[in-house]
**Q** 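Have a look at this one.
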Amino acid sequence: MSILIDADTTFIVQGITGREAVNLTRECLDYGVGAKVVGGVTPGRLGREVHGVPVFDTVAQAVAHHGAQIDGSVVTVPPAFTKDAVFEAIENGIELIVIVTERIPRGDVAQMVELATLRKARIIGPNCLGIIVPDVIKMGGIGGPARNAAQAYTPGPIGVISRSGGMTTEMSSTLSAAGLGQSTAVSIGGDAIIGCSYAELMPLFEADEQTQGIVIYTEPGGRMEAELARWVTENKSRLPIVAFMAGRFMDEMPGMSFGHAGTIVEGIQDTASEKIARLAQAGITVAERIEDIPGMIRAKIEQGSPV
Amino acid sequence: MRFFEYEAREIVKRAGIPVTDYGFTTDATEAAQIAQRIGGPTVIKSQVLTGGRMKAGGVKFADTPEQAEAHARDILALEINGHMPRGVLVDPRAEVAQEYYAGVVWDGTRKQPVMIFSPVGGIDIEQVAEQQPDKVGRRHFSNILPFSEFEAKEVIAATGVTGAALNRLVPIVTKLARVFVEHDMTLAEINPLGQLAGRSPIGGSFVALDAHMEIENEARGRHKGLLADLGVGDEETRQAREATPFELAGEEVDAQDHRGVAGNVTEFDGNLGLVIGAGGGSLTLFDAVRAHGGKPANYCEIGGNPSVAKACGLAKLVLQKPGVERIAVMMSIVSNTRVDIVARGVIKACLELGMDPAEKIAIFRIPGAWEEEGFKILEKYGVEYADRSVSLNEAARRAVEKIQGAPA
């Protein structure tokens, strides 16, 4: 099994006629069993097609054309229009929204997340590459063209959660090379406020029988790791976790941001060293090098005890 | 982007929150004139974007305009933590009965703004929270419902404040919460929020004595009017550290066309030039180089499939940086950026500078899209390259090893 999406998931692409979105649509259609991209939305482009996917002016038209609820949307519209696009998706019954767009002010993101929560919808991102279930489906640009994605991702027991899109693929590739496939890999986005944090995805992995262990990529900035540590402790998770922390050098450079918008050390809790200590306290192993991760997670799974 | 105190005070004033009758100036003579107008004891405050100005001597008290002028002259020449002041604020020394704290920040876990209020102000709120936790009120508020005054009332009342003070504070905290939301701020803080001494109506009323505000960079575009009014130029980024000429040249490279990113260049003083990417990959690689004892000459990020010209421009910039012996070209597995384009860019850079790519490029480790084509080019020029079977860490180790073997 998988989390969030499977072979039957239907989705649309908002902003489908943009250059990046056209490529992304191709990639999703080609990957695995072929994603069910049931429509695209770009205002004013009704009647066009992108790789055979019909384009509409509104999400409502796409839903009407599909004749049933649509499960998801990949949002790739410019930052100034993202909030409206996401509201439109939510108000048209879409329950899973992957926001690819970068540089959205966090007030906008917070509004989208709050509306999503009210409507029982879920947001992944922004500033993310999406979700992949190896050999089955991908939703978003994660892993790139189908051929490249197939090279890095293989099916298996590890759930991957990453604040960096590119590192989702780097870590999954390392796991695959060691014979450890992935149940689902989620690029959650690199911003200060995102739709789904590690702790918010954990219950889904916890409920997924295929998943036996979790590998996360983390960075300085924010309190997301502390939230995960708390969740793991409070919920007696069955899943062992190995974390990789990048950007340790940033501890010496408070107030500066590197890599992603969310990586700014604003307080002591935001630092890499503080996060590593907090994760370790919760029984989460923190790897120094990515190549050490497969051995560590395998050992933890074989021990049969998460902590 | 952080505002100077004099700008934050202006924002506070515009929001209808009472402030003292202060003046801002870059000139000591004018400071005396402002003190004259105020007509009483004043405080002269350095306008710098760094903490600890009190300790550093950046805040001084004056009883006369002459003293104000002398203090202003000293403070205008005083560097604090590497920052020269933008100017000085001349502020009436208010007779304060009690100092309060009011602030709004984001809670990234709850994904809502949180108001923080305390009747213990004038010091760092984190210190109050630690020592007198019952004196700190916190309350989240909705991102989509309009802010309502009762929310401010609740957070104030939770700290034990009641009576006339409560009723006078509610509109102030309400306005502060609205300012935070309307201006896309990441921090809006009035500390101290002074309650004036003496008899009513002046005594007991509140006035903002200092304010600290930060606006989110991503939202600057929709506050152009405010920024223009405050005289903040588009080019003012106000990073924690001012950009060096090398970093500015990096920005130019990135701005030459709109295809992808080859930028976010940050200067360090080592001998190994880094042409690395993407966001997370760069962080990982920079750590790895340092873990192996390497000394990076710079940080940077490539991503989103930049043009050959941009990759070339970035590599040239790094290759020409004084002290750089070799460069390492490394990225996490790419799916959008093309390996062959980066390979062509960095080789072109070497050739155009009359350098041998095989000598200057310590290692090229970028696996992924179009790697066969890329590796072919690298092979032709004898550059050592690695595919995904070589980890980021191992690639960094090899690069450092080559530098340490090189003549100093």
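Per chain, numbering begins at 1; letters A, B, ... match sequence-line order. Because the structure is a prediction, the values reported are computed rather than measured.
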**Q** Is A/Thr174 close to chain B through its backbone or its side chain, or both, or neither, when contacts mean heavy atoms under 4.5 Å?
**A**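 Neither part; nothing is under 4.5 Å.
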**Q** Checking A/Gln151 against chain B: side chain, backbone, both or neither under 4.5 Å from a heavy atom?
**A** both
**Q** Contact part of A/Ala149 toward chain B, heavy-atom cut-off under 4.5 Å: side chain, backbone, both or neither?
**A**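 For A/Ala149, neither part sits under 4.5 Å from chain B.
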**Q** With a 4.5 Å limit on heavy-atom distance, are the side chains of A/Phe249 and B/Val289 in contact?
**A**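 Not touching, per the 4.5 Å side-chain cut-off.
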**Q** Measuring heavy-atom distances to chain B, does A/Arg163 have an atom under 4.5 Å in its side chain, in its backbone, in both, or in neither?
**A**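 No part of A/Arg163 comes within 4.5 Å of chain B.
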**Q** To the closest 0.5 Å, what do you measure between CZ (B/Phe286) and CE (A/Met250)?
**A** 11.0 Å
**Q** Stepwise, does the side chain to side chain contact (heavy atoms under 4.5 Å, CB included) test hold for A/Arg106 with B/Thr186?
**A** CA-CA 9 Å; A/Arg106 61 186 105 165; B/Thr186 52; 3.4 Å; yes
**Q** Decide, yes or no, whether a salt bridge links A/Arg147 with B/Glu371 under the criterion of side-chain N to carboxylate O below 4.0 Å.
**A**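 So A/Arg147 does not pair with B/Glu371 through a salt bridge.
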**Q** Which pair of non-hydrogen atoms, one from B/Asp184 and one from A/Pro105, has the smallest distance, and what is that distance?
**A**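 Result for this residue pair: OD1-CB, 4.0 Å.
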**Q** Give a yes or no answer on whether the side chain of B/Lys111 reaches the backbone of A/Gly195 with a donor-acceptor pair at less than 3.5 Å.
**A** yes
**Q** Flag yes if more than 12 heavy atoms outside B/Glu394 fall under 6.0 Å of its CD atom; otherwise flag no.
**A**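 Correct, the count exceeds 12.
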**Q** Is any side-chain heavy atom of A/Leu118 closer than 4.5 Å to one of B/Ile144?
**A**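 In short, these two side chains touch, coming nearer than 4.5 Å.
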**Q** Could you tell me which non-hydrogen atom of B/Ser332 sits nearest to which non-hydrogen atom of A/Met167, and how far apart they are?
**A** CB-SD, 3.7 Å
**Q** Assess whether atom CG of B/Asp269 is packed by more than 12 heavy atoms of other residues, nucleotides or ligands within 6.0 Å.
**A**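 No, because the 6.0 Å sphere around CG of B/Asp269 holds 12 heavy atoms or fewer from other groups.
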**Q** For B/Ala278, is it the side chain, the backbone, both, or neither that has a heavy atom closer than 4.5 Å to a heavy atom of chain A?
**A** neither
**Q** Side chain, backbone, both or neither: which part of A/Leu129 has an atom under 4.5 Å from a heavy atom of chain B?
**A**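 Nothing of A/Leu129, per the 4.5 Å heavy-atom cut-off to chain B.
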**Q** When you compare the side chain of A/Ile290 with that of B/Thr284, does any pair of heavy atoms fall below 4.5 Å?
**A**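 Yes, close enough: below the 4.5 Å cut-off.
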**Q** Taking all heavy atoms of B/Leu283 and all of A/Ala246, pick out the closest pair and write down the distance.
**A** CB-CB, 3.8 Å
**Q** Does B/Asp287 pair with A/Arg289 as a salt bridge, N-O distance under 4.0 Å?
**A**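 A/Arg289 and B/Asp287: not salt-bridged.
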**Q** Should we say atom NE2 of B/His258 is surrounded by more than 12 heavy atoms from elsewhere, each under 6.0 Å from it?
**A**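 Atom NE2 in B/His258 is not crowded, with 12 or fewer foreign heavy atoms closer than 6.0 Å.
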**Q** Could you tell me if A/Glu291 and B/Ser391 have a donor-acceptor pair between their side chains, going purely by distance under 3.5 Å?
**A** yes
**Q** On a heavy-atom basis, which atom in A/Ser173 and which in B/Arg388 lie closest, and how many Å separate them?
**A**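 Here A/Ser173 and B/Arg388 meet closest at OG-CD, 3.6 Å.
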**Q** Could you pull out the closest heavy-atom pair between B/Ser335 and A/Gly141, with the gap in Å?
**A**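 Minimum heavy-atom separation between B/Ser335 and A/Gly141: OG-O, 4.5 Å.
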**Q** Which region of A/Met171, side chain (C-beta onward) or backbone (N, CA, C, O), has a non-hydrogen atom less than 4.5 Å from a non-hydrogen atom of chain B, or is it both or neither?
**A** neither
**Q** State whether the side chain of A/Glu227 and the backbone N or O of B/Thr109 hold a donor-acceptor pair below 3.5 Å, judged by distance alone.
**A**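 Side chain of A/Glu227 to backbone of B/Thr109, a donor-acceptor pair under 3.5 Å: no, none is there.
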**Q** Under the criterion salt bridge (Lys or Arg N to Asp or Glu O under 4.0 Å), I'd like the reasoning laid out for A/Glu252 against B/Arg290: C-alpha separation, chi angles, the key distance, then a yes or no.
**A** CA-CA 13 Å; A/Glu252 298 155 34; B/Arg290 298 221 315 182; 2.7 Å; yes
**Q** Side chains of A/Phe258 and B/Asn264: closer than 4.5 Å at any heavy-atom pair?
**A**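 Not touching, per the 4.5 Å side-chain cut-off.
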**Q** If you count heavy-atom pairs within less than 4.5 Å of chain A, which of B/Gly368, B/Ser142, B/Gly108, B/Gly281 leads?
**A** B/Ser142
**Q** So which of B/Thr266, B/Asp107, B/Leu187 has the biggest tally of heavy-atom pairs under 4.5 Å with chain A?
**A** B/Thr266
**Q** Name the region of A/Gln111, side chain, backbone, both or neither, that has any atom closer than 4.5 Å to a heavy atom of chain B.
**A**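 Answer is both: backbone and side chain atoms of A/Gln111 are under 4.5 Å from chain B.
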**Q** Are more than 12 heavy atoms from other residues, nucleotides or ligands located less than 6.0 Å from atom CD of B/Glu372?
**A**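 Yes, CD of B/Glu372 has more than 12 neighbouring heavy atoms, counting only those of other groups under 6.0 Å.
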**Q** Between the side chain of A/Glu170 and the main-chain N/O of B/Ile333, is any donor-acceptor distance below 3.5 Å?
**A**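 A pair under 3.5 Å: yes.
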**Q** Is any side-chain N of the basic residue among B/Arg110 and A/Glu114 closer than 4.0 Å to the acidic one's carboxylate O?
**A** no
**Q** More than 12 foreign heavy atoms under 6.0 Å from CZ of A/Phe81: is that the case here?
**A** no
**Q** Side chain, backbone, both or neither: which part of A/Ala110 has a non-hydrogen atom closer than 4.5 Å to chain B?
**A** both
